[in-house]
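Worksheet: the structure to be examined is printed underneath.
No experiment lies behind these values; they were computed from the predicted model shown.
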Amino acid sequence: MSSSLKPALILSMVVVALMLVGIACGGAEAPAPTTPASTGDSSAAPATAAPAQPAAQPTAVPPTATPPPEATVRPTSTPAPTIAARTAPTPVPSSGPKHGGTVRMSAYADTKDWDPLGSSSLSSVISYSQLYNQLVQFDNVDTSQVVGDLAESWEINPEGTQYTFRLHDGIKWTDGEALNADDVVYSMLRYGNPCNGRGRSGLWRQYAIPVEVVEIADKADCTPTNADQVVRKIDDLTVEFNLAFASGAFIKFLAIDYAKILPEHLLSQGIDLNLAENILRHEATSGPFILEEYQSGNHYKVNRNPEYFKEGLPYFDRIEHFIITTPATFIAQVEAGQIDMSNAAANNLTATENYDLETSTNSEYVAHDVFGGATRGLMLNIKHEPFTNHKVRQAINLAVDRQKHNERALHGAGRGHCPLVGLANSLEECESWPGMRPKDTPGGQEDIARAKQLMVEAGYPDGFEVQYTVRQVGTYAAECSVIKQDLEEYLGITGPIETLPSAAGYAKYGTSRPPDAKGDWYIACQADGMTVFDVDAIYAGIFLKGATRNYTDWETPEVNAWFEEQKVELDPEKRREINKEAERWLHDFSDNHWVSLTLGRNFWVMHRDIKGFNAPETVQYGFKQEHLWFDR
């Protein structure tokens, strides 16, 4: 493990403020490419382009973020993290924000979605976020606070169960049609409809009055029967949401970049906005940038929206996103000055490699640490033998060496091993649990012995052969390689590792979604990026039916009951105690599908001349880039 990361690993286990200052030495600079290169296949589809957009000054009114009135709502999270994210200082701007310039960004993977409906991919939300707006968003300065986006203000009733949003007047889609309450209601009912996957665009529906449809069985008739009880239009500029109970988390899930408002006048005609060519053809977006071109596997490019409703924004004239999946290519591009920034806190580098970039570029680039990164885990397809046997799953949970996984695959950048990442039981408490204990300790040796006994009881005393699957992004391949070694050494589980492009990997995992399908995968290394820093985000991402990383739709009445109980609990300590009990049960693995490994650290790399950036609280928002500018 890198010596510069050992202090971070140790301090992440105690309640202290953390500031990493050690930076590992960088290697020699790679030859500079003449243009930002993509790692896409040379046979990628030809680019689809839109007509060039004329330059003009914004004409719409500026947004104002009106705080909601006081209301009785439950706390939005368990106590805030006490470990400060690592940040590196950037030079003080020479002047105020400046307009102009083309910024070149790296995308860590190609998009699989252009429509937020059911979307659960970080690589996808980055692509469509600049094209559309939410009702509300997280502030660009105090990134934990919710402010208005399309909404200029909102009110909450005294019971905390009704939110009424007032839209800015005069907003138009780029095809000239008015953006109004009809668009908001139509978009939100799509995300809230039980016939549609919840993804991340529908996480708010955990708190709202549920949408009911004519016939949910086999999705026979998905027409809502109680739409006005859930979300309704008051007038052209006013929308009302009704909740099942008071919830402060509700508005946070509306603020993440997935909860986009799309044009009703196109969707109601059956136009598929999940296809980039339809976005280009119909030119009906609202965001700070307009899609100009998309070439699958290679790049997508956007131009400044000259009629954007936020006066003076955005600052950049143009953004060019280059899909770079190979770490060596990203490093070479950065060191050659061909890439100005990554377009998210994801770039396929290890923590050490991110820190090394600061050294190799003489601090011209900064690796900003995003605290709420991704919960990393081992997915088990419980529809396939032998993972239908809970004893096999228990054995794997006990046999995985989490410390080795963190050191070798993540270079010591993981933060503890709790399934609920320290928001229930403390990181220190989890360290003493079976399976969490280092394998070179007496407790760890007991875990290995118990894992072997469970395999005997399950009927697999000599192990079995199975195929691992990973997406070719980030550290997934390295993580599965380490875990595969553990399971082969301790349990006799062998087999190859299949590596797939990002979108192909997601598609393969999705084959196990249908109730009557087992799916085409067995065991996989994956992560779920935190949407908001709240335990609800982990349940919704991993442990509830329909969760983004619950591809087999595993569920148990125990977990459902704990989730429902804790999400309405107003007392933070009582809520924590409920989640402690749930977390201990999840780790016991009497029934579970996800082997929790750690909360990974994510980094947003950018040139120090890019100003206006403040690291978001989690990895899943802050992608419109309307507030960033060049100090050059």
Side-chain angles (χ1 to χ4, degrees), residues 115-120 132 134-136 150-151 154-157 159-167 179-247 249-251 253-254 256 258-274 513-516 536 539-540 544-548 550 553 555 557 560-561 563-565 567-568:
D115 182 342
L117 180 65
S119 180
S120 61
Y132 303 105
Q134 305 99 264
L135 267 177
V136 291
L150 293 174
W154 64 92
E155 298 176 353
I156 311 173
N157 71 350
E159 294 74 31
T161 57
Q162 187 177 87
Y163 283 67
T164 304
F165 295 91
R166 180 74 179 176
L167 306 181
L179 190 160
N180 57 35
D182 292 324
D183 300 296
V184 175
V185 171
Y186 194 92
S187 295
M188 289 301 161
L189 287 177
R190 286 179 84 221
Y191 302 149
N193 194 307
C195 289
N196 297 327
R198 181 172 55 223
R200 288 172 175 150
S201 55
L203 290 173
W204 58 270
R205 77 194 203 192
Q206 300 170 126
Y207 314 97
I209 291 174
V211 175
E212 298 174 0
V213 297
V214 174
E215 182 57 60
I216 187 66
D218 299 322
K219 301 181 182 180
D221 187 343
C222 296
T223 306
T225 59
N226 66 334
D228 281 354
Q229 297 175 35
V230 184
V231 53
R232 70 185 183 102
K233 172 183 175 180
I234 304 298
D235 57 44
D236 280 349
L237 297 178
T238 311
V239 177
E240 175 188 282
F241 284 78
N242 290 293
L243 308 190
F245 54 89
S247 169
F250 164 76
I251 199 165
F253 285 111
L254 280 187
I256 61 175
Y258 292 86
K260 297 293 187 183
I261 306 304
L262 269 60
E264 180 272 341
H265 65 282
L266 296 185
L267 292 173
S268 61
Q269 297 179 53
I271 294 171
D272 187 357
L273 294 180
N274 204 37
R513 284 281 189 197
D516 58 348
D536 285 8
Y539 281 107
L544 296 179
K545 183 178 181 179
T548 52
N550 184 3
D553 276 345
E555 70 172 337
N560 289 344
F563 174 71
E564 294 298 326
E565 182 182 4
K567 78 177 184 181
V568 301

Smallest heavy-atom separation, P116 atom then K260 atom, equals CG-CB, 3.7 Å

Is it the case that S187 and D183 place a side-chain donor and acceptor less than 3.5 Å from each other? no

Between A246 and E159, the two heavy atoms sitting closest are CB-O, 3.4 Å

Fill in: Any L203 side-chain heavy atom under 4.5 Å of Y258 side chain
no

Heavy-atom closest pair (V185 atom, R232 atom, distance to 0.1 Å) is CG2-C, 3.9 Å

* To do: Measure from the side-chain N and O atoms of N180 to the backbone N and O of D236, and report whether any donor-acceptor pair falls under 3.5 Å.
  => no

Should D536 and Y207 count as side-chain neighbours, where that means a heavy-atom distance under 4.5 Å?
yes

Correct closest heavy-atom pair for G118 and S201 would be N-OG, 3.6 Å

Measuring only between side-chain heavy atoms, which start at C-beta, is V239 closer than 4.5 Å to M188?
no

Sub-3.5 Å donor-acceptor pair from the side chain of N226 to the main-chain atoms of V211, do we have one?
-> no

Between N550 and R513, the two heavy atoms sitting closest are O-NH1, 2.7 Å

Item to check | Contact check, side chains of N242 and T161, non-hydrogen atoms, under 4.5 Å | outcome: no

Heavy atoms of V230 and P210 approach each other most closely as CG2-O, 3.9 Å

| message | Around atom CG of D235, are there more than 12 heavy atoms from other residues, nucleotides or ligands closer than 6.0 Å? | response | yes

task = Decide yes or no for V136 and F165: does some side-chain heavy atom of the first lie under 4.5 Å from some side-chain heavy atom of the second?
result = yes

Check: When you measure from the side chain of N193 to the backbone N and O of C222, does any donor-acceptor pair fall under 3.5 Å?
Finding: yes

Exam field: side chain N274 to backbone D115, donor-acceptor pair closer than 3.5 Å
yes

